[in-house]
Amino acid sequence: MTGRPQYGRNYPDGEVRRRYHCQKRQTGGGCNRVSVDVRTLDREVGALVVAILSDPRHGDALVAAANDLARRRRPIADALAEARETATVMSARLGNGEISLDRYDTVMAGVDARIAKLEAELDGLDAKYDVDDSPTARTESAQAWRTHWEDAGTADKRAMIKRALRGKRLEVGPATTAGPVFDASRIRIVDKNPARPGVQDGPGAGVAGDVGTGAGDGVSAA
């Protein structure tokens with residue numbers, strides 16, 4: 001998705017208008033059918049994010065996700081603590097002269113590999129859930145979220161979108177009606193399944209582009 005400038009057409013504040021275009025690529029993907037004004041899509045995405053994050057049911061979902069994360073982390077964290085304890089014991093035995101360096105290296109090759117594997121599993125879980133279930137996060141009003149969105153930079157908005165979608169993605173379809181009014185039904189939240197053949201998601205310019213809000217046949221990833 002690219003944010004092309006439309007030279008000769010300006011927004012009321014004088015900035016050159018830009019449009020997201022789902023551009024066909026030599027490497028495959030893209031449809032040349034999806035097109036939407038950059039500010040319009042960013043505004044609609046912002047309104048959707050604010051509505052989700054200010055909904056009390058979203059807070060409940062965050063708590064449930066945090067509890068599930070804790071449940072899934074526990075056995076991995078316990079195994080990691082045990083592996084690290086083994087590493088500590090082996091280092092002590094080597095230092096006390098109880099085992100040879102060769103024996104230490106043989107044992108620690110497996111222990112280090114296990115520690116690295118368990119750490120990667122924990123990092124993967126944390127990245128998947130990415131949950132903030134603090135009281136502040138659960139009780140902020142719609143107005144507070146709206147102000148937060150308006151004041152946020154691109155990175156913060158990306159984080160808010162990710163938090164709102166909770167592992168899903170945005171899908172932007174082709175225009176359904178002609179005229180200046182944007183059809184909000186073009187934006188849907190869908191499961192993050194692998195892209196269909198011939199579809200390639202990618203980042204564009206601006207907030208919506210940074211989360212990948214456009215791709216071939218109306219499919220996008222966040």
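This chain uses plain numbering: 1 for the first residue, then up along the sequence.
- In this structure the side chain of Leu41 reaches within 4.5 angstrom of the side chain of Ile187, judged on heavy atoms.
- The pair Lys117-Glu121 meets the salt-bridge criterion, with a side-chain N (NZ, NE, NH1 or NH2) lying under 4.0 Å from an Asp/Glu carboxylate O.
- Residues satisfying the side chain to side chain donor-acceptor pair (under 3.5 Å) criterion with Arg103, sequence neighbours excluded, are absent altogether.
- Remark: Ala116 engages no residue in a side-chain contact (heavy atoms from CB on, under 4.5 Å) (not counting sequence neighbours).
- Distance check, rounded to the nearest 0.5 Å: CZ of Arg169 to CG of Asp191 gives 9.0 Å.
- How far CZ of Arg84 is from CG of Asp112: 11.5 Å, rounded to the nearest 0.5 Å.
- One distance of note links CE of Met160 with CD1 of Ile52; it measures 10.5 Å at 0.5 Å rounding.
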What verdict does the side chain to side chain donor-acceptor pair (under 3.5 Å) test give for Asp102 and Ser100, after you've listed the backbone C-alpha separation in whole Å, the side-chain angles of each residue and the deciding distance to 0.1 Å? CA-CA 5 Å; Asp102 287 344; Ser100 66; 5.4 Å; no
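- Here the CD atom belonging to Gln143 is positioned 10.5 Å from the OG atom belonging to Ser54, to the nearest 0.5 angstrom.
- The side-chain heavy atoms of Val36 and Phe182, taken from C-beta on, include a pair separated by under 4.5 Å.
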Before you tell me yes or no, could you show the steps for Ile99 and Val107 under side chain to side chain contact (heavy atoms under 4.5 Å, CB included), namely the whole-Å CA-CA distance, both residues' side-chain angles and the distance that decides it to 0.1 Å? CA-CA 11 Å; Ile99 58 174; Val107 174; over 6 Å; no
CA sep, side-chain torsions, deciding dist, call: Leu80, Ile76, side chain to side chain contact (heavy atoms under 4.5 Å, CB included): CA-CA 6 Å; Leu80 179 59; Ile76 302 174; 5.5 Å; no
Yes or no on salt bridge (charged side-chain N to carboxylate O under 4.0 Å, His left out) for Glu82 and Arg114, after CA distance, side-chain angles and deciding distance? CA-CA 10 Å; Glu82 181 179 346; Arg114 179 165 174 74; 6.0 Å; no
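- Ion pairing between Glu44 and Arg186 fails under the 4.0 Å rule for side-chain N and carboxylate O.
- In this structure, Asp42 does not pair ionically with Arg39, as no charged nitrogen and carboxylate oxygen lie closer than 4.0 Å.
- Under a hydrophobic-cluster definition in which Ile, Leu, Val, Met, Phe, Trp and Tyr are linked whenever side-chain heavy atoms come within less than 4.5 Å, directly or via other members, Tyr104 and Val89 are assigned to different clusters.
- Closest of all the heavy-atom pairs between Ala87 and Ile115 is CB-CD1, 4.4 Å.
- The distance from the CG atom of Asp123 to the CG atom of Leu118 is 11.0 Å, given to the nearest 0.5 Å.
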Evaluation steps, side chain to side chain contact (heavy atoms under 4.5 Å, CB included), between Ile161 and Arg158: CA-CA 5 Å; Ile161 293 171; Arg158 185 188 302 117; 5.6 Å; no
Verdict with supporting geometry, Val49 and Lys157, side chain to side chain contact (heavy atoms under 4.5 Å, CB included): CA-CA 9 Å; Val49 168; Lys157 286 182 177 179; over 6 Å; no
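- Thr40 contributes atom OG1, which lies 14.0 Å from atom CZ of Arg18 (distance to the nearest 0.5 angstrom).
- For the residue pair Val50 and Arg146, the shortest heavy atom distance occurs at CG2-CA, 3.9 Å.
- Annotation for Val190 and Lys168: closest pair O-CB, 3.2 Å, computed over non-hydrogen atoms.
- Taking each heavy atom of Val38 and Tyr11 in turn, the nearest pair found is N-OH, 4.1 Å.
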